[in-house]
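The structure displayed is predicted, hence computed values, not measured ones. Chain letters run A, B, ... following the sequence lines, proteins first, then strands; residues in each count from 1.
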2 protein chains.
Amino acid sequence: MTENNKKYEQLDEETLFIVSQTFKALSDPTRIRILHLLGENECSVSEIAEQLSLMQSTVSHQLRFLKNLRLVKFRRSGTTLFYSIDDEHVMTLLHQSIHHARHD
Amino acid sequence: MTENNKKYEQLDEETLFIVSQTFKALSDPTRIRILHLLGENECSVSEIAEQLSLMQSTVSHQLRFLKNLRLVKFRRSGTTLFYSIDDEHVMTLLHQSIHHARHD
DNA sequence: TTTATATATGAATATGTGCTCATATATGTT
DNA sequence: AACATATATGAGCACATATTCATATATAAA
């Protein structure tokens with residue numbers, strides 16, 4: 001009786017999809033920079049572009065991606081849209097990873 | 001004086017690279033399944049392939065990827081290589097994400 | 001309504017990624 | 001040495017992804 005009798009529990013499809021999508025969002029340097037910036041301050045699209053030296057178009061495309069995953073939200077003020085973080089759990093994952101990367 | 005005078009601290013290149021690489025490793029369903037399986041048990045390449053219904057070649061390629069990032073390690077026993085987890089921090093990120101995905 | 005400004009979007013392109021097939025390598029056995 | 005088994009690796013392909021350019025849309029001001 002030295003065998004391991006516990007049968008391995010596969011991850012179900014849905015969990016696998018959600019988890020992989022979440023990490024995919026965090027796997028691109030541009031999206032990481034945008035999320036990290038928004039973690040400090042609510043920002044307009046043009047502010048993000050300026051702070052991070054990115055094309056306005058690039059920022060818009062990535063914000064759409066992040067908005068679809070409900071990682072960010074926005075409020076309108078005139079023609080300006082202010083984006084902010086909408087998923088604290090994902091920000092926790094990001095901050096943990098940044099902290100870990102810096103400390104070893 | 002309603003401005004925010006705190007100057008934004010950019011993420012440095014190296015941190016950005018490490019963090020994005022880490023999340024990239026966790027962004028693919030196949031790699032997630034392999035890591036999750038290894039989180040339960042040390043496994044040989046062929047055991048992984050069988051348990052997860054993957055081609056041996058696919059498993060080997062992904063293990064090389066994970067080994068390069070030092071997320072897994074292996075020990076040899078004859079012609080068989082037993083792989084296991086080598087980065088508990090990344091497993092913590094994975095388990096947190098799985099837990100979160102299942103609970104909302 | 002015309003004009004200006006902020007943002008979004010579609011198409012094109014270049015690059016990256018994951019899988020499979022065929023084959024190489026490494027270890028052990030006879 | 002010849003053979004069997006386990007794993008690794010390179011090439012090719014199909015598909016995904018990030019960026020840029022050009023342009024559309026939306027709101028506000030004149």
Strictly below 4.0 Å: does [X] bring a side-chain N or O up to OP1 or OP2 of [N]?
X: A:Arg64; N: C:dT7; answer: no
X: A:Gln62; N: D:dT17; answer: no
X: A:Lys24; N: D:dT17; answer: yes
X: B:Arg76; N: D:dT7; answer: no

How would you label the contact of B:Tyr83 with the nucleic acid (heavy atoms, under 4.0 Å): base, sugar-phosphate, or nothing? sugar-phosphate
For a quick check of understanding: with a heavy-atom distance under 4.0 Å over all strands, which category does A:Thr58 fall into, base, sugar-phosphate or nothing? base
All heavy atoms of B:Arg33 vs all of A:Tyr8, minimum pair found to be O-OH, 4.0 Å
Would you find a donor on one side and an acceptor on the other, under 3.5 Å apart, between the side chain of [X] and the backbone of [Y]?
X: B:Ser77; Y: B:Thr80; result: no
X: A:Ser97; Y: A:Leu93; result: no
X: B:His99; Y: B:His95; result: no

Give the nucleotide from the list [options] with an atom nearest to the side chain of [X].
X: B:Thr79; options: D:dG10, C:dT7, C:dA26; result: C:dA26
X: A:Gln56; options: D:dT20, C:dT7, D:dT7; result: C:dT7
X: A:Thr30; options: C:dC21, D:dA6, D:dA18; result: D:dA18
X: A:Ser60; options: D:dT20, D:dA8, C:dA8; result: C:dA8
X: A:Ser44; options: D:dT7, D:dT19, C:dT7; result: C:dT7
X: A:Asp28; options: C:dT5, D:dA18, C:dA26; result: D:dA18

With hydrogens left out and only the distance checked, is there a donor-acceptor pair under 3.5 Å joining A:Ser57's side chain and the base of D:dT19? no
| task | Classify the side chain of A:His61 versus the base of D:dT20 as yes if they form a donor-acceptor pair under 3.5 Å and no if they do not. | result | yes
Comparing nearest nucleotides in DNA chain D, the 5'-proximal residue of the pair A:Gly78, A:Gln21 is A:Gln21
Worksheet item: Quick one: do A:Leu54 and A:Leu35 end up in the same hydrophobic cluster if we chain Ile, Leu, Val, Met, Phe, Trp and Tyr together by side-chain heavy atoms under 4.5 Å apart?
Response: yes
